[in-house]
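Working notes for the structure below.
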Amino acid sequence: MCEPTLWYVKPATDWETQALPIGNGALGAMVFGGVATERLQFNEKSLWTGGPGSRSGYDFGGWTSPRPGAIAEVRARIDHDGRMSPGAVAAKLGRPKRGFGAYQTFGDLWLDLTPDTGAQPETTGYRRELSLQDAVARVGYTAGGVTHAREYFASHPGGVIVGRLSADRPGKVSFTLRTSSPRDDRQVSVRDGRLTIRGALADNGMVFEAQIQVVAHGGSRTDGSDRITVTGADSAVFVLSAGTDYADSYPAYRGADPHAKVTEAVDTAAGQDFDTLKRAHLADHRALFDRVRLDIGQETPTVPTDRLLKAYTGGASAADRALEALFFAYGRYLLIASSREGSLPANLQGVWNTSTDPPWSADYHVNINLQMNYWLAEQTNLAETTRPYDDYVTAMVVPGTKTAEEMFGSRGWVVHNETNPFGFTGVHDWATAFWFPEAAAWVTQQMYDHYRFSRDLTYLRETAYPVMKAAAEFWVDNLHTDPRDGTLVVSPSYSPEHGDFSAGASMSQQIVHDLFTNVLEAAEALGTDEPEVRRALATLDPGLRVGSWGQLQEWKSDWDGRTDDHRHVSHLFALHPGRQITAGTPSAEAAEVSLTARGDGGTGWSKAWKINFWARLLDGDHAHTMLGEQLRTSTLENLWDTHPPFQIDGNFGATAGIAEMLLQSRHSSVDVLPALPAAWPTGSYSGLRARGDVTVDALWKDGAVTEIVLRTGAAGPLTVRNAIFGGPHHLLDAQGHSVRHTRDGAAVTFTAAAGGAYTVTGGRMP
Ligand code: FUC
């Protein structure tokens, strides 16, 4: 085992592929580690153009004037012709995108080092690293006989990004700190070692402010008009905070001026010494990060991470295991760094963006991407990171209700293919990616899952259920009776970014099925009922059909092409993240046929999804093959996933997929090591979470489990599955007493206590 660290022997020159990310959810920075000039590109997650007040106008993407009968007309055409081209549907139902906006870089912070104190042409021992366990980026080298060290972290408790420059000889820290931005919309001022950036986005008037306080120890500090110079210090620290007047509240999406909050964060942090700030940061980060450990036989790599990646073959070496374990840990690190309470959820790039015009606006795509960002959260014991997601989805209900009314004349709420922080819940007119009203149903899945993992009834009642119920109402009102067979179908329905519009595409049906099932389960847990949902589910087409070549059909009609390798494998939603298809059933066999036909290629997130699919099919080797594909062909030097370009969903999806290989709990049982690949014959993990409020540790050797520890938060029957139960085994409670259990093949069921701890080992009693 080794501590997970990304490290390199050269400074980064490229933002996307080499720089290293730190973040505290709201703030993010990319560290380059240059010797003569250090660059930290930084972000604040709410800095967005578009939305209310946007120059281009903004109306949430709904239809500005009523289109009575437009959807009914499309439905009728589809009923009659069986299909309709995306272009034809977009002409009827789309509208130009206006004022959607884009996530903005805040700017860059530069440290120009002077030649006598570090910025020498000749350096030795250069190392740039990101410790995932500490969430600290470090840069170190020796120049002119002086060893220089820099450390950077983004503190969630402090609400600041902190940097320190130090040297092993007194008086050797000298630099000038300055900032830049690609936009011309800000004023910079300096006073008492504090640099303030303030302005308003030209597009929508959003007010932003950042403050950076420089504290030098020894030497001197000089304030320029837009820069701060430190000369001959022993060490120096800077703290940065930033904010905007954005608030996630309909309809204006504006709140308090950021000045007071930013000032307070910087004042407080600047009043503490570096070690105190760092201690609080480490305690906060490690309380989350240290919950899970994974040992798949990795050893501390002797080569830098870029070389480790290049040399990766997916074979049997400890180096390959090291990269895989690092990649797993990195997904958890990135989620902690880009999704903390009090800010927006992780977007397509987490919180990191260097551009004013990022790919897909670095927005919230909800036809797969935002959901994938959170697949790992519960499983890998980071439930707290879902708070921003919940807040965001909940805030979407008000504009989404208005859009449902405007466009569909129905109850409930809706959101389509992608959304922004300003309640964009309508459509645009990019024919192959504008229509996806199923997204609202899908985004509620994580909220119900949070309940399934935590068993927190208050959360279910107050947070998840209202959002789920309203999403279900939308579908109760909008399902259409299919003249072909009288079932209820989604129409118009579109399997994301693929094929024609039709009625009842498999994914549409499966998503609605999932939502209705969840709502009914939730209602039962809350002691209530939803008769209209129950009735609708009874006639709903479940979206599972085996086609002419044994495949799971993507559409209700058998249109699947055998050689089609489209990156979306949407019709397998029921296998993952849904739970309608269970391994070993005919639908699962058909899903496997489809997945095999689609092949092992795809973009970054697509490969990540395939790790999860194969894990759910209990094929650990194929899941591992997909992990290998992702690492070899969709991973950048800084281990960011590339779509291309960089898109963070693949990092999150892959970490979730690895967790899915190690532990599953889709229905009522906890399956330990359900999809262990041959490449990981011996290992252990601790701290993974299963639904039912269970925390699991496992140890295995030569492909077979030797010990399982289950910590149960809730009292009640618990079913656990692993081959170890097929032979002689012991199940002991925390006192070492044998626990009574029943056995069914490789599964046992016993009554767990709240706060219980149970150990399973193999072999006969001594
Ligand atoms: C989905 C995908 C695209 C891309 C975009 C951000 O729509 O189909 O491939 O990932 O999101």
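Both counts, for ligands and for their atoms, begin at 1 and track the order of listing. Numbers here simply count residues along the sequence, with the first being 1.
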Exercise for the section: With rounding to the nearest 0.5 Å, note down the distance linking NE2 in His568 to CD in Glu554. Expected result: 9.5 Å
Handout entry: Test: Lys310 and Glu637 ion pair at under 4.0 Å
Key = no
Practice task
Anything under 30° is parallel, anything over 60° is perpendicular, the rest tilted; go ahead and classify Phe501 against Phe434.
Solution key: tilted
Problem - 4.5 Å side-chain heavy-atom contact, Glu418 and Phe436 - result: no
Exercise for the section: Side-chain contact test, heavy atoms from C-beta onward, threshold under 4.5 Å: evaluate it for Gln647 versus Met372 and give yes or no. Expected result: no
Exercise for the section: Check each protein residue for a heavy atom under 4.0 Å from ligand 1 and list those that pass, ordered by chain and number. Expected result: Leu348, Trp360, His365, Asn367, Asn369, Glu497, Arg567, His568, Trp605, His643, Gln647
Exercise for the section: Tell me whether the guanidinium CZ or amine NZ of Arg183 lies under 6.0 angstrom from the six-membered ring centre of Phe208 and within 45° of its axis. Expected result: yes
